[in-house]
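As structure tokens, the structure follows; a few thoughts come after it.
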Amino acid sequence: MSAPTRTPSGAPAHLTGPGSGRVGDDAARPDGVLKVRGEFAYGSDLWMDDMLWGVTLRSPHPYARIRSVDVGPALAVPGVHAVLTSDDVPGSKTYGLELADQPVLAVDVVRYQGEPVALVAADHPETARRAAARIVVDYEVWEPVTDAREALGHPTWNQVHETEAPVTELSRESAHLHPQGNLVRHLKVRKGDPHATADVVVTGEYEVGMQDQAFLGPESGLAVPAEDGGVELHVATQWLHVDQRQVCAALGLPPERVRLTLAGVGGAFGGREDLSMHVHACLLALRTGKPVKMSYNREESFFGHVHRHPATMRYEHGATRDGDLVYVRAQIHLDGGAYASSTPAVVGNAGTMGIGPYVVPNVHVDCYGAYTNNPPCGAMRGFGSVQTAFAYEAQMDALAAELGMDPVELRCRNAMEQGSPTPTGQVVDSPAPVAELLRRLAAMPLPEPPGTLDLREVPGGVSNTTHGEGVRRGVGYAVAYKNVAFSEGFDDHSTARVRLEVVGGEPTVTVHTAAAEVGQGLVTVEQQIARTELGVDRVVIHPKDTDVGSAGSTSASRQTYVTGGAVKAACEAVRARVLERAAGLTGRPVGDLRLFDGTVVAEGLELPLAEVLGDDAVEETLEWRHRPTQALDPETGQGFAHVQYAFSAHRAVVDVDTELGLLKVVEMACTQDVGKAINPQAVVGQIQGGTAQGLGLAVMEEVLVRDGRVQNPSFTDYLIPTVLDVPPMRIEVLEYADPHAPYGLRGVGEAPNISSGPAVLAAIRQATGLPLTRVPVRPEHITGT
Amino acid sequence: MRLTCTVNGTEQQVDDVWEGESLLYVLRERMGLPGSKNACEQGECGSCTVYLDGLPVCACLVAAGQAEGREVGTVEGLAAPGELHPVQQAFLDAGAVQCGFCTPGLLVATDDLLARARAEGRTPADAEIREALAGNLCRCTGYEKILDAVRLAADRTAGDAR
Ligand code: FES
Ligand code: FES
């Protein structure tokens, strides 16, 4: 089979780009020119002459038994090539990241609205859609379980799953998984005295709604049947190898017959860590013998990927009169929806980091993840840490008010620093400048108070809802932390293959990893590292595919650290061999030689690489892992669970029309420690983007679910921030090296997404004097109507 | 049905277009021009922005038949082959491209804004840029570097004739 014929010259072809920039430089993206020309092939752009279009028939009910499915009327539609149901899944009928509990296509029962039931392949997408609508499914509709706490309160009542799901190798070792009842995981963190008392106590209950990743590039891919009976899948995803593992299981095929290549990815933010159309397109391609493309529209996308877990949280903070935290007790409930996805790991994060970056001697946290018949929830940027930050930072402000202290001072007084113990008994063993992040924010100038009236600058904008009357300005602070990379004893590694050769007279490095580029700029970082380590400007990024070992997931802010570490190590191995060769040629000791600008140099020596290498290529493939972490003790939650933390802080300035409840975020300021900015421009871009997503959750973004049904699956009704909603930002990037990480770097992507929303909430509370315990804040929460 | 229109200066003719197809679908799937993107197909995101007779429109909201005999301009036609338009160059220089899915639509919208401002002999102020781009969603950048890119392109092209 040929490759996709209309693969514009971008991914999945080799990327070179304009070509310079080392570690620490604002290097240009190798895919940038393709992207601005509209030539970069996203998953939805792939195309072959004889391809078919696949569509999914989804359940309209959140919970129902399937009495029967009649595909006959669909098959009778001219242009239809195949209609498939769960009977046509040759291998494992279920898949999942941590627990294989989610059907490829519904088997007997549907557990959420939008669950895939059947597939159609046809020669036009509209033909396929119309045919799918003619499939007759007879449902016996059941009452859905829609509240996480209720679901847990009745462990044998109405349980969403009746059988135990197989555990995968990704599963958290310490997760206690119940074969019965709706509990996915209960994490206990126990430190110090569970009955500690304090002079000053504040309690609060908080709720966070369901957020959507809302990446712009729809779930898409193209499956091409191969001559060996296998399949090639070009797909926009976050982790090729975990997809491959699940696709192989469902198809009943060995890995060598299921080859995945990364298509261009239009954003991810966690929403592509689970499978979407992967297995479906492969099933249709293998059945029809033709290439099959699937591409969701926006509505289907809302049903086609997991969301951020909604949370309800109860917190109690105790402190001395001087403002020293004595204890924190918390109960956190996360609604995992119908299938586990990464709920166990999200529970791990929410629980272990659920009190924020503070030093507290007595901690008692219970964090639960539950099954319900709501949409499945899993990975989204910030991964369990976003929800709790809204609660613990609200608590810190409430405590400051109770103590009559400045909120920044209270935070600084209790801030974690290098050497501090965490609630899980870890010692923070690299810089943790929490107090400095806050103090730098507080020292930044504040934006000018509203001056001459420009309607575009007030809440409500040109809707002309106010001329400034009833408008109050609030300023709020928040700080947060988040683990980088996979935790709790997971064997977190990446693989890099690096090759150095002379092509057309020019020394050329090819870097081959399976690490998904989703927009963040990892391909740029890979080039920068190779240029730095090998002294060669021309670095080609090989297409990302499963012909090389796993790179792990593009999530948990981990790729620059882990795949960056792998590329660095592979480059070092290549360098050692090249220098040895040069030592043999010149008789100089290896220790005197280095690579610089395409030459081997030493005192009085400049030997072009072309002379050292001739026609040979030097290639090394290396697996690289960060320091091992440990599983948490199941009873106390103690253990060295996290390899690194990322810290960020935000200050938000918000104008609130207290009469109408309309808001205008005036400015966001952020300080973040990144250890070492490998690409400063991209680092700032991550901070800006993360800040906007956090702001979105704070004031507008929520997937509204009523009785298990999604009310707003469109960009008309699910609002994400526009350029009018996101204010100017002030950003300060700190670089305190982490001695354990490559180049001292720290994962960047998630932290700013965690601290921004709580700062916005703090500012609105300050402006209104209202407690505002539910996120996102809506106008009626402010006006009380 | 048959559709004939001019796309990026070249006459295009396609057959067997179904009446329900949008201009976006025809560009992407029938004319081999997938540069215009399809993030929502509901007129909410601006990723499909193209010129229709010189005015920016959401191609997902234009029925293919409405383009009959008209002139369409897409991201693929902004610059001559092998070259970059100043707006494209500014987006790259400012770091305004992450995943890039919003980029084609933003480039067309920005080009339109700057051309209008240039025609009036001025560069747009921030508030005007924000208004002009309010229909183009970006999920990755938080818009700061997009604004930088627009300002940069405005400065670089300020003296250019329309
Ligand atoms: S795809 Fe046309 S506006 Fe979103
Ligand atoms: S760069 Fe990804 S949506 Fe704008």
Side-chain angles (χ1 to χ4, degrees), chain A residues 6 8 26 28-29 31-42 44-45 47 124-126 213-218 264-269 295 297-298 454 456-457 462 518-521 681-682 684-693 695 714-716 720-724 726 728-729, chain B residues 18 20-21 25 28-29 32-47 74-79 84-85 87-89 91-104 107 126-147:
Chain A
R6 199 188 68 198
D26 288 337
R29 304 180 63 97
D31 54 9
V33 170
L34 295 168
K35 285 179 173 176
V36 297
R37 285 193 176 140
E39 291 171 359
F40 186 77
Y42 296 87
S44 47
D45 299 336
W47 194 86
H124 190 287
E126 192 54 30
Q213 295 83 354
F215 44 72
L216 290 200
V265 184
F269 316 116
S295 184
N297 63 20
R298 183 52 51 184
D454 180 341
R456 293 174 296 197
E457 306 294 340
V462 288
V518 299
Q520 83 280 37
Q681 189 184 55
V684 170
Q686 285 296 306
I687 295 173
Q688 292 165 336
T691 299
Q693 285 183 9
L695 183 160
S714 72
F715 281 164
T716 313
I720 65 172
T722 71
V723 69
L724 294 175
V726 180
M729 300 183 198
Chain B
W18 171 65
E21 287 175 12
Y25 182 90
R28 290 174 50 77
E29 306 299 340
L33 292 169
S36 309
K37 294 296 169 233
N38 55 337
C40 76
E41 296 173 272
Q42 285 185 311
E44 295 289 349
C45 75
S47 73
T74 73
V75 66
E76 287 99 336
L78 279 182
L84 288 178
H85 186 279
V87 176
Q88 290 171 320
Q89 188 64 52
F91 269 62
L92 292 176
D93 294 345
V97 179
Q98 288 189 30
C99 86
F101 211 80
C102 64
T103 306
L107 293 172
D126 274 10
E128 185 184 355
I129 300 173
R130 287 180 186 270
E131 284 291 335
L133 302 185
N136 291 78
L137 298 177
C138 173
R139 190 55 157 169
C140 301
T141 65
Y143 302 105
E144 283 283 88
K145 292 193 185 300
I146 291 171
L147 292 169

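No experiment lies behind these values; they were computed from the predicted model shown. So you know, we letter chains A, B, ... as the sequences are listed, proteins then strands, and number each from 1.
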Heavy-atom cut-off 4.5 Å, strictly under: side chain, backbone, both or neither for [X] against chain B?
X         : value
Arg37(A)  : both
Val518(A) : backbone
Ala214(A) : both
Thr691(A) : neither
Gln213(A) : backbone

Quiz item: So which part of Lys37(B) gets closer than 4.5 Å to some heavy atom of chain A, the side chain, the backbone, both or neither?
Solution: side chain
Quiz item: Considering only heavy atoms, which portion of Ala94(B) lies under 4.5 Å from any heavy atom of chain A: side chain, backbone, both, or neither?
Solution: backbone
Show the nearest heavy-atom pair for residues [X] and [Y], with the distance to one decimal.
X         : Y         : result
Phe101(B) : Pro218(A) : CZ-CD, 3.6 Å
Lys35(A)  : Val97(B)  : CD-CG1, 3.7 Å
Leu216(A) : Leu137(B) : CD1-O, 3.2 Å
Phe715(A) : Ala39(B)  : CE1-O, 4.3 Å

Side-chain donor or acceptor of [X] paired with backbone N/O of [Y] under 3.5 Å:
X         : Y         : result
Arg298(A) : Glu41(B)  : no
Gln88(B)  : Val36(A)  : yes
Tyr42(A)  : Pro34(B)  : no
Arg130(B) : Val726(A) : yes
Gln681(A) : Asp93(B)  : yes
Gln98(B)  : Gly685(A) : yes

Hey, does [Y] have a side-chain heavy atom less than 4.5 Å from the side chain of [X]?
X         : Y         : result
Gln688(A) : Thr141(B) : no
Glu44(B)  : Ser714(A) : no
Ile146(B) : Val723(A) : no
Gln686(A) : Cys140(B) : no
Phe40(A)  : Cys99(B)  : no
Asn297(A) : Gln42(B)  : no

Quiz item: Residues two or more places apart in sequence or in another chain: which of them pass side chain to side chain contact (heavy atoms under 4.5 Å, CB included) with Glu21(B)?
Solution: His124(A), Val17(B), Trp18(B), Tyr25(B), Val26(B), Arg30(B)
With a 4.5 Å cut-off on heavy-atom pairs, point out which of [options] contacts chain B the most.
options                                    : result
Gly266(A), Gly690(A), Ser295(A)            : Gly266(A)
Gly32(A), Gly521(A), Ala268(A)             : Gly32(A)
Pro125(A), Gly217(A), Ala682(A), Ala692(A) : Gly217(A)

Quiz item: When heavy-atom pairs shorter than 4.5 Å are enumerated against chain A, which of Val87(B), Leu133(B), Asn38(B) gives the highest number?
Solution: Asn38(B)
